[in-house]
Participant: 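Following this message is one structure expressed as structure tokens.
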Amino acid sequence: MSEELSEPWVAVKFGGTSVSSAFSWRQIADHIKHLRSKNKRVWVVISAVTQVSNHLEKCVEEAINAGEGESASKFPSFEFIRKAHYKLAEDAGLSPESLSPLNRLFDELGKILEGVSLLQEASPRVRARVMAQGELASTLLGIPILKAMGVDDVIRIDARDLLQTTPRPNEQEADRYLEGLVLPSRNPVACERLSGTHPVVLTQGFIARTPRGETCILGRGGSDTSASLFGALLGAEAVEIWTDVHGMFTTDPRDEPAARLIHKISYREAEELAAMGAKVLHPRCIGPCQWASIPLLIKNTWDPHAQGTHIVSSKLSLSSSSFASLTSTPPPSTPGETTGDANPSVMAVIRRVGQTLISLSTLEMWGASGFLAKAFAPFEQLGISIDLVGTSQSTVTITMDRIPGGVAGEPFQALLARLRALGQVEVVHPCAVVSIVGRRIRHVLHEMGPALKAFKDHQIHLVSESSENLNLSFVVEQDVATTLVVALHNALVPREGKDELFGPTWADIKA
């Protein structure tokens, strides 16, 4: 094996704002050169140019609502996408000849949209093909940009050649194509067969293929997950997520400038934060890194020398990972770095809006065996995931974070019909989940007493405590969620002081 091929890989992901200007591409090129100077090979995963994914969604709707066979050039969103890429190419000083692959992609996208216009409808499979064009376009443009900026030995790889989804039981068509699940695995041979001797790879986030070879996407924000999956495939030394914020904070800085940067947390804690509402990382992103014991670092593209959030191992086992029950492939045995900190503490206060709560009430539940199995069976059959659960002698209450087709869709309406056959059903939508997330959260309940006064004048639909001792959640009316989060955060998270967990406040960072 050559010396170059023995160099370790680092997987780095850059989001939409990080690939949207010539200046930001210079930051990317400089970071690649920095890693190469340290004898690292670099696997670069990028998102679509900012706002392009939103406009691709609009393209589909514009095509459906246009006249039959309408030219895509007349769709405002299609023209926005073309102009955004050509403006970036002009700012980067690219020659017209280098844009030929991009031109062909736009021709193909136009034909797909014109087909949608003819049919006046778009299946999930077609929507996935359209949405994938954003990442395919950004990588087609990225290759000549990187070469113009001195990153010469780079190759573009199609992510669909390496990432394949795994079907789930009772999977809806929308989930199959628009929320694909790729399980982590290790296969550096397959990666290096495609990369050859090139020490730098540029590939797409967000996209994969089904077992039948069709294009699918991993859900909005799935580029983070792609980077983590590639890190596992490569057996990478580290995975870096470069974004427009400094890392994970104790709450959303847009709501509370006193939010503090979280320096170092475990995989499971980060997964809990992401799942409960922290928007910095896609919830599925952490699992593959945990599976492969690869450190995950979040950094700010616009402030590259600032400290970010470091996500590493802890004493929490892989069995608690969201991927543990889905993959039969054993994880690599090499242990990762540990946080070494199990002291009880509140880590963050966060919220999720747009949630749906259902209460099912019936006296037949009293002392009956198997009632919960009957109540939960329709959720599995209709592909609807349950989030929080609370029960009493005669009522079971659950929340759902994502429903295929939304509350107006066929799966949810079918769910209501089946549940009404079992008892009285009450729906609250939209509502919000406010979560206090921390380490060994039950051991700090006595410290929360004064803070819980924030709920005094507000209705609470459900209280749920994590079986893993990681969060305490409250389902409330959506319009009071932000007020509650700020009040709880200011009562539970220290505003100052140096320790291993908390860094500076958002206000201090921006000062």
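All values below were derived from every heavy atom in this structure, side-chain atoms included, with hydrogens, water molecules and symmetry-related copies excluded.
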Participant: Going by the rule side-chain contact (heavy atoms from CB on, under 4.5 Å), which residues pair with Ser359 if we only count those two or more places apart in sequence or in a different chain?
Facilitator: Leu357, Thr395, Thr397, Glu426
Participant: With sequence neighbours excluded, what pairs up with Ala190 under the side-chain contact (heavy atoms from CB on, under 4.5 Å) test?
Facilitator: Leu162, Asn187, Arg193
Participant: Would Glu62 and Ser77 count as having a side-chain donor-acceptor pair, cut-off 3.5 Å?
Facilitator: yes
Participant: Consider only side-chain N and O atoms of Arg160 and Thr215, and report whether a donor and an acceptor are under 3.5 Å apart.
Facilitator: yes
Participant: Without hydrogens or angle criteria, can the side chains of Glu240 and Trp242 be said to hold a donor-acceptor pair below 3.5 Å?
Facilitator: yes
Participant: Does Glu256 form a side-chain contact (heavy atoms from CB on, under 4.5 Å) with Val349? I'd like the steps, not just the answer.
Facilitator: CA-CA 11 Å; Glu256 177 49 77; Val349 182; over 6 Å; no
Participant: Any donor-acceptor pair under 3.5 Å linking the side-chain atoms of Gln204 with those of Thr139?
Facilitator: yes
Participant: If you count every heavy atom of other residues, nucleotides or ligands that lies below 6.0 Å from Glu380 atom CD, does the total exceed 12?
Facilitator: no
Participant: Mind listing the closest non-hydrogen atom pair of Pro76 and Lys74 along with its distance?
Facilitator: CD-O, 3.4 Å
Participant: How close do Ala208 and Val182 get, counting heavy atoms only, and between which atoms?
Facilitator: CB-CG2, 4.1 Å
Participant: So with a 6.0 Å cut-off around CZ of Arg125, is the heavy-atom count from everything else above 12?
Facilitator: no
Participant: Side chains of Glu465 and Asn471: do they bring a donor and an acceptor to under 3.5 Å?
Facilitator: no
Participant: Over 60° means perpendicular and under 30° means parallel, so classify the ring planes of Phe106 and Phe78, tilted if in between.
Facilitator: perpendicular
Participant: So which pairs with a foot in residues 434-480 pass ring-ring contact (aromatic ring centres under 6.0 Å, His included), sequence neighbours left out?
Facilitator: Phe455-Phe474
Participant: Could you walk me through whether Arg127 and Glu61 pass the salt bridge (Lys or Arg N to Asp or Glu O under 4.0 Å) check?
Facilitator: CA-CA 10 Å; Arg127 289 178 184 273; Glu61 300 310 315; 2.9 Å; yes
Participant: Keeping to residues at least two apart or across chains, list the salt bridge (Lys or Arg N to Asp or Glu O under 4.0 Å) pairs with something in residues 482-492.
Facilitator: none
Participant: Relative to each other, are the rings of Trp506 and Phe249 parallel, tilted or perpendicular (30° and 60° limits)?
Facilitator: perpendicular
Participant: Could you list the donor-acceptor pairs under 3.5 angstrom formed by side chains in residues 109-117, with sequence neighbours left out?
Facilitator:
residue : atom : partner : partner atom : Å
Glu114  : OE2  : Ala72   : N            : 3.2
Ser117  : OG   : Gly67   : O            : 2.5
Ser117  : OG   : Gly69   : N            : 3.1
Ser117  : OG   : Glu70   : N            : 3.1

Participant: Give me the atom names and distance for the closest heavy-atom approach of Ala454 to Leu484.
Facilitator: O-CD2, 3.2 Å
Participant: Find the distance between CG (Leu194) and OG1 (Thr203) and round it off to the nearest 0.5 Å.
Facilitator: 9.0 Å
Participant: What residue pairs, at least two apart or across chains, pass ring-ring contact (aromatic ring centres under 6.0 Å, His included) with a residue in residues 367-417?
Facilitator: none
Participant: Roughly how far, to the nearest 0.5 Å, is the CZ atom of Arg352 from the SG atom of Cys431?
Facilitator: 10.0 Å
Participant: After noting the C-alpha distance and the side-chain angles of Val346 and Met448, does the key distance pass the side-chain contact (heavy atoms from CB on, under 4.5 Å) rule?
Facilitator: CA-CA 9 Å; Val346 172; Met448 296 184 190; 4.1 Å; yes
Participant: I would like to know whether Leu273 and Ile262 meet side-chain contact (heavy atoms from CB on, under 4.5 Å); could you show each step before the answer?
Facilitator: CA-CA 11 Å; Leu273 279 173; Ile262 299 173; 3.9 Å; yes
Participant: Under 3.5 Å, is there a donor-acceptor pair between the side chain of Thr309 and the main chain of Met248?
Facilitator: yes
Participant: Are more than 12 heavy atoms from other residues, nucleotides or ligands located less than 6.0 Å from atom CZ of Arg129?
Facilitator: no
Participant: Are more than 12 heavy atoms from other residues, nucleotides or ligands located less than 6.0 Å from atom CZ of Arg254?
Facilitator: no
Participant: Indicate yes or no for a side-chain donor-acceptor contact from Glu179 to the backbone of Ile217 under 3.5 Å, with no hydrogens or angles considered.
Facilitator: no
Participant: Which pair of heavy atoms, one from Pro288 and one from Ser228, lies closest together, and at what distance?
Facilitator: CB-OG, 3.2 Å
Participant: So Ile398 and Leu388, side-chain contact (heavy atoms from CB on, under 4.5 Å) or not? Walk me through it.
Facilitator: CA-CA 5 Å; Ile398 62 95; Leu388 305 179; over 6 Å; no
Participant: Heavy-atom count around Gln120 CD within 6.0 Å, excluding the residue itself: above 12?
Facilitator: yes
Participant: Applying side-chain contact (heavy atoms from CB on, under 4.5 Å) between Leu372 and each of Val389, Leu360, Val396, report the one that passes.
Facilitator: Val396
Participant: Going from CD1 on Ile207 to CG on Leu218, what distance comes out if it is rounded to the nearest 0.5 angstrom?
Facilitator: 9.0 Å
